[in-house]
Amino acid sequence: GLFNVEFTVPAQFFDEETTQESLDETAKEKGFQSVTLNDDGSVTYVMTRTQHEELMSATREQIDAGITDIVESEDYPSITKIESNDDYSVFKVYLSTEDVSLSDSLSALLLYFYGGMYNSFDGTPVDDITVSFINGATGAVIQEGHSKDTGG
């Protein structure tokens with residue numbers, strides 16, 4: 001619409017505890033036009049364009065902070081930098097090694113989640129999020145992963 005934005009977030013972003021009542025509270029608290037729990041567990045939001053812009057800005061900040069946390073975490077010692085495109089559907093993960101460790105590869109799951117969340121909230125769901133692991137010294141792609149291959 002011209003003044004409102006409507007988008008549906010897949011069920012995977014909510015837990016079984018999500019109820020219409022809790023969503024109604026969220027809608028009232030945030031001033032959204034409506035938040036509807038669908039039969040398949042997905043949730044449809046209707047909000048003003050301004051509210052949506054604020055939501056997307058906050059989502060970008062949250063994702064960027066999450067990416068920084070990955071880079072700075074001791075859980076991923078080989079990751080030196082992560083870059084993404086504007087809609088978080090393509091990530092480049094730079095490593096200080098020539099091999100992708102198990103912990104490095106697990107970071108892809110977080111990046112798949114971030115990309116899926118951003119695009120769902122933006123009303124532009126994507127079929128695939130790509131994560132490329134790159135040797136930071138040579139620039140060579142070591143391994144590439146795709147969210148569509150996870151079955152989720």
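The closest side-chain donor-acceptor pair between D99 and T97, if any, does not fall under 3.5 angstrom.
The same ILVMFWY cluster, assembled from side-chain heavy atoms under 4.5 Å apart, contains both Y114 and F13. The cluster map of Ile, Leu, Val, Met, Phe, Trp and Tyr, joined by side-chain heavy atoms under 4.5 Å apart, puts V71 and L95 in the same cluster. Linking ILVMFWY side-chain heavy atoms closer than 4.5 Å, directly or via other members, places F113 and Y76 in a single hydrophobic cluster. Under a hydrophobic-cluster definition in which Ile, Leu, Val, Met, Phe, Trp and Tyr are linked whenever side-chain heavy atoms come within less than 4.5 Å, directly or via other members, I129 and V90 are assigned to different clusters.
Atoms CD1 and OG, on I63 and S84 in that order, are 8.0 Å from each other to the nearest 0.5 Å. Of the inter-residue distances, the one linking Q51 atom CD with F32 atom CZ reads 5.5 Å to the nearest 0.5 angstrom. Taking OG from S22 and CZ from F14, the interatomic distance works out to 9.5 Å, rounded to the nearest 0.5 Å. Atoms NZ and CD1, on K81 and I70 in that order, are 15.5 Å from each other to the nearest 0.5 Å. A distance of 6.0 Å separates CD1 in I67 from CG in L111, rounded to the nearest 0.5 Å. Put simply, OG on S132 and CD1 on I82 are 12.0 Å apart, with the number rounded to the nearest 0.5 Å.
In this structure, the side chain of E144 does not engage the main chain of T130 through any donor-acceptor pair within 3.5 Å. Side-chain N or O atoms of N4 include none that pairs as donor or acceptor with a backbone N or O of V46 at under 3.5 Å. Side-chain atoms of E72 never come within 3.5 Å of backbone atoms of D69 as a donor-acceptor pair (strictly under, hydrogens ignored). Without hydrogens or angle criteria, N119 side chain to D122 main chain gives no donor-acceptor distance under 3.5 Å. In terms of modelled atom types and a separation under 3.5 Å, the side chain of Q33 and the main chain of E6 share no donor-acceptor contact. With hydrogens and angles disregarded, a donor-acceptor distance shorter than 3.5 Å links the side chain of N85 to the backbone of Y88. Put simply, the side chain of S120 never gets that close to the backbone of M117: no donor and acceptor are under 3.5 Å apart.
Using a 4.5 Å heavy-atom cutoff, the side chains of L23 and V43 are in contact. Under the 4.5 Å side-chain criterion, counting only non-hydrogen atoms from C-beta, S78 is not in contact with F133.
Scanning both residues, T80 and S96, for their nearest heavy atoms gives CG2-CB, 3.8 Å. The shortest heavy-atom contact between I142 and V100 is CG2-CG2, 3.8 Å. Residues D128 and S147 approach most closely at OD1-N, 3.0 Å, considering heavy atoms. Of all heavy-atom pairs spanning P77 and S103, the tightest one is CD-OG, 4.4 Å.
The aromatic ring centres of Y112 and F91 sit 6.0 Å or more apart.
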Side-chain atoms of residues 52-59: list all donor-acceptor pairs with protein atoms under 3.5 Å, sequence neighbours left out, distances to 0.1 Å.
| from | atom 1 | to | atom 2 | distance (Å) |
| --- | --- | --- | --- | --- |
| H52 | NE2 | F121 | O | 2.7 |
| T59 | OG1 | L55 | O | 2.8 |

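Environment of CD in E98: sparse, with no more than 12 heavy atoms of neighbouring residues, nucleotides or ligands closer than 6.0 Å. Counting non-hydrogen atoms of neighbouring residues, nucleotides and ligands closer than 6.0 angstrom, the CG atom of D127 reaches no more than 12 such neighbours.
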Open item on the list: Test side chain to side chain contact (heavy atoms under 4.5 Å, CB included) on S101 and D104; report intermediate values, then the result.
Closed with: CA-CA 5 Å; S101 71; D104 296 335; 3.0 Å; yes
TODO: Carefully, step by step, assess L109 and L106 under the rule side chain to side chain contact (heavy atoms under 4.5 Å, CB included).
DONE: CA-CA 6 Å; L109 297 176; L106 290 175; 4.0 Å; yes
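Other members of the hydrophobic cluster containing Y94, listed by chain and number, are I134, V141; membership follows side-chain contacts under 4.5 Å among ILVMFWY residues, whether direct or relayed.
With T8 as reference, T44 is the one residue of T36, T44, D40 to meet the side-chain hydrogen bond (donor to acceptor under 3.5 Å, both in side chains) rule.
Remark: Y45 engages F7 in a ring pair (Phe, Tyr, Trp, His ring centres under 6.0 Å) (not counting sequence neighbours).
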